[in-house]
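A short worksheet on the structure shown next.
We count residues from 1, following the sequence as given.
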Amino acid sequence: MDAGARDVRAVRPVREEDLPGARELLHAAFRTDPVSRWIFPEEERRETWHPLLFGAFLEGAFRYGTAEMTADGVGVALWFDARAEPVGLDETGALLDAVDPGNPRVPGIGAVTGEVHPHEPHAYLQALAVRPGLQSRGIGGALLRLALDRCDKEELPAYLEASSERSRIFYERHGFAPRGTPLVLPGGGPPMWPMWREPGGG
């Protein structure tokens with residue numbers, strides 16, 4: 001078994017002192033993601049604001065959802081429980097108000113995904129990140145399986161939006177299937193794939 005996949009079993013909640021490192025990890029993992037590049041097309045602007053964007057997602061999950069990380073800090077997952085209101089997504093949206101004011105694509109991404117977000121009870125995976133250079137070693141898959149095992153025990157579906165073809169294929173391997181048609185971000189933006197997993201699907 002790969003060392004990374006073995007170590008990832010030691011997963012714990014993100015603590016307050018972990019937030020700076022977890023935010024940096026999310027930035028590093030997603031800074032070249034197609035959707036991140038669409039939101040911040042200029043690299044200098046992206047390097048300034050992108051960490052704050054994922055910092056808002058992280059803080060939302062830390063306060064209102066579930067933020068988990070590997071014991072060695074190389075993987076992090078952000079989840080929201082959408083079985084009851086409020087699920088924390090509205091509060092996360094409020095945190096985003098301070099990210100790159102004047103950039104319409106910051107609230108725009110929420111508007112596009114919000115239009116198709118399921119209303120039935122589910123667990124929502126907002127982000128799953130593994131440090132660049134350590135990807136494709138089973139770390140993300142092992143971290144994901146821990147949460148999906150909980151979903152299976154609670155008979156709870158899971159939902160996410162895949163932001164790249166590579167991530168779509170990754171999630172399909174873990175029992176997710178496309179839900180409806182891909183979202184296409186405006187202005188020639190990249191597609192996003194809403195994906196759904198029934199309990200026991202992985």
Side-chain angles (χ1 to χ4, degrees), residues 4 8 11-80 87-114 117 124-137 139-140 143-144 147 160-168 170-171 183 185-187 189-193:
V8 80
V11 174
R12 60 174 177 80
V14 171
R15 299 187 287 254
E16 190 164 2
E17 60 266 29
D18 300 319
L19 292 176
R23 184 182 72 171
E24 187 277 329
L25 169 59
L26 287 158
H27 167 60
F30 283 99
R31 60 182 296 276
T32 60
D33 182 84
V35 174
S36 292
R37 294 174 66 91
W38 173 81
I39 298 173
F40 307 107
E42 296 132 354
E43 185 171 359
E44 183 175 352
R45 196 178 192 95
R46 192 183 323 132
E47 291 302 304
T48 299
W49 292 106
H50 188 258
L52 299 183
L53 175 70
F54 274 90
F57 293 147
L58 171 63
E59 190 170 348
F62 178 71
R63 290 184 184 181
Y64 309 110
T66 301
E68 295 178 317
M69 67 188 305
T70 61
D72 56 7
V74 302
V76 63
L78 309 181
W79 289 88
F80 289 93
V87 298
L89 297 177
D90 290 342
E91 291 85 350
T92 300
L95 294 170
L96 291 172
D97 289 343
V99 177
D100 198 6
N103 181 349
R105 293 183 176 182
V106 174
I109 188 71
V112 170
T113 57
H117 200 104
Y124 173 50
L125 177 60
Q126 201 284 321
L128 175 67
V130 174
R131 182 163 298 283
L134 296 176
Q135 297 168 349
S136 301
R137 298 188 181 188
I139 298 170
L143 187 59
L144 179 62
L160 58 87
E161 301 103 8
S163 58
S164 69
E165 182 72 22
R166 178 181 178 184
S167 65
R168 180 188 66 79
F170 167 78
Y171 289 119
L183 305 175
L185 297 173
M192 297 181 72
W193 290 267

Quiz prompt | Pairs where residues 99-110 contributes a residue and the test salt bridge (charged side-chain N to carboxylate O under 4.0 Å, His left out) is met, not counting sequence neighbours | solution =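 Applying salt bridge (charged side-chain N to carboxylate O under 4.0 Å, His left out) to every pair that reaches into residues 99-110, excluding sequence neighbours, yields Arg45-Asp100.
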Quiz item: Can you pull the salt bridge (charged side-chain N to carboxylate O under 4.0 Å, His left out) pairs that have at least one residue in residues 21-38, sequence neighbours excluded?
Solution: Glu24-Arg131, Arg31-Glu43, Arg31-Glu47
Quiz prompt | Which residues share a salt bridge (charged side-chain N to carboxylate O under 4.0 Å, His left out) with Glu17, sequence neighbours left out | solution = Arg15
Quiz prompt | Those residues that, when tested against Arg166, pass salt bridge (charged side-chain N to carboxylate O under 4.0 Å, His left out) (two or more places apart) | solution =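 Listed in chain order: nothing, the list is empty.
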Exercise. For the pair Val106 and Phe40, evaluate side-chain contact (heavy atoms from CB on, under 4.5 Å) and give the outcome as yes or no after the intermediate values.
Key: CA-CA 9 Å; Val106 174; Phe40 307 107; 4.2 Å; yes
Quiz item: What pairs with Pro186 under side chain to side chain contact (heavy atoms under 4.5 Å, CB included), at least two apart in sequence or on another chain?
Solution: Trp38, Val112
Quiz item: Who pairs with Phe62 by side chain to side chain contact (heavy atoms under 4.5 Å, CB included), at least two apart in sequence or on another chain?
Solution: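 Listed in chain order: Val14, Glu16, Leu19.
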Output the distance between atom [atom1] ([X]) and atom [atom2] ([Y]), rounded to the nearest 0.5 Å.
X	Y	atom1	atom2	answer
Leu185	Thr113	CG	OG1	9.0 Å
Leu58	Asp18	CG	CG	9.5 Å
Ile109	Ile39	CD1	CD1	5.0 Å
Gln126	Trp79	CD	CH2	11.5 Å
Leu160	Arg168	CG	CZ	12.0 Å
Leu25	Leu134	CG	CG	9.5 Å

Quiz item: side-chain contact (heavy atoms from CB on, under 4.5 Å) between Phe170 and Leu144: does it pass, once the steps are laid out?
Solution: CA-CA 11 Å; Phe170 167 78; Leu144 179 62; 3.9 Å; yes
Practice problem: Taking ring-ring contact (aromatic ring centres under 6.0 Å, His included) as the test, write out the residues that go with Phe30, two or more places apart. | Solution: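 Once residues adjacent in sequence are excluded, the partners of Phe30 under the ring-ring contact (aromatic ring centres under 6.0 Å, His included) criterion are Phe54.
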Quiz prompt | Residue list, ring-ring contact (aromatic ring centres under 6.0 Å, His included) with Tyr171, at least two apart or on another chain | solution =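 Applying ring-ring contact (aromatic ring centres under 6.0 Å, His included) to Tyr171 gives Phe176.
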[X] versus [Y]: any side-chain heavy-atom pair under 4.5 Å?
X	Y	result
Met192	Val35	yes
Leu128	Leu143	yes
Glu161	Tyr124	yes

Would you please name every residue forming a side-chain hydrogen bond (donor to acceptor under 3.5 Å, both in side chains) with [X], sequence neighbours left out?
X	answer
Gln135	none
Ser164	Ser167
Thr48	none

Self-check item: Donor-acceptor contact below 3.5 Å, side chain Thr70 vs main chain Gly75
Solution: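 Yes.
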Quiz item: Does any N or O in the side chain of Arg12 come within less than 3.5 Å of the main-chain N or O of Ala71, such that one atom is a donor and the other an acceptor?
Solution: no
Quiz prompt | Electrostatic pair Arg63:Glu59 at N-O distance under 4.0 angstrom | solution = yes
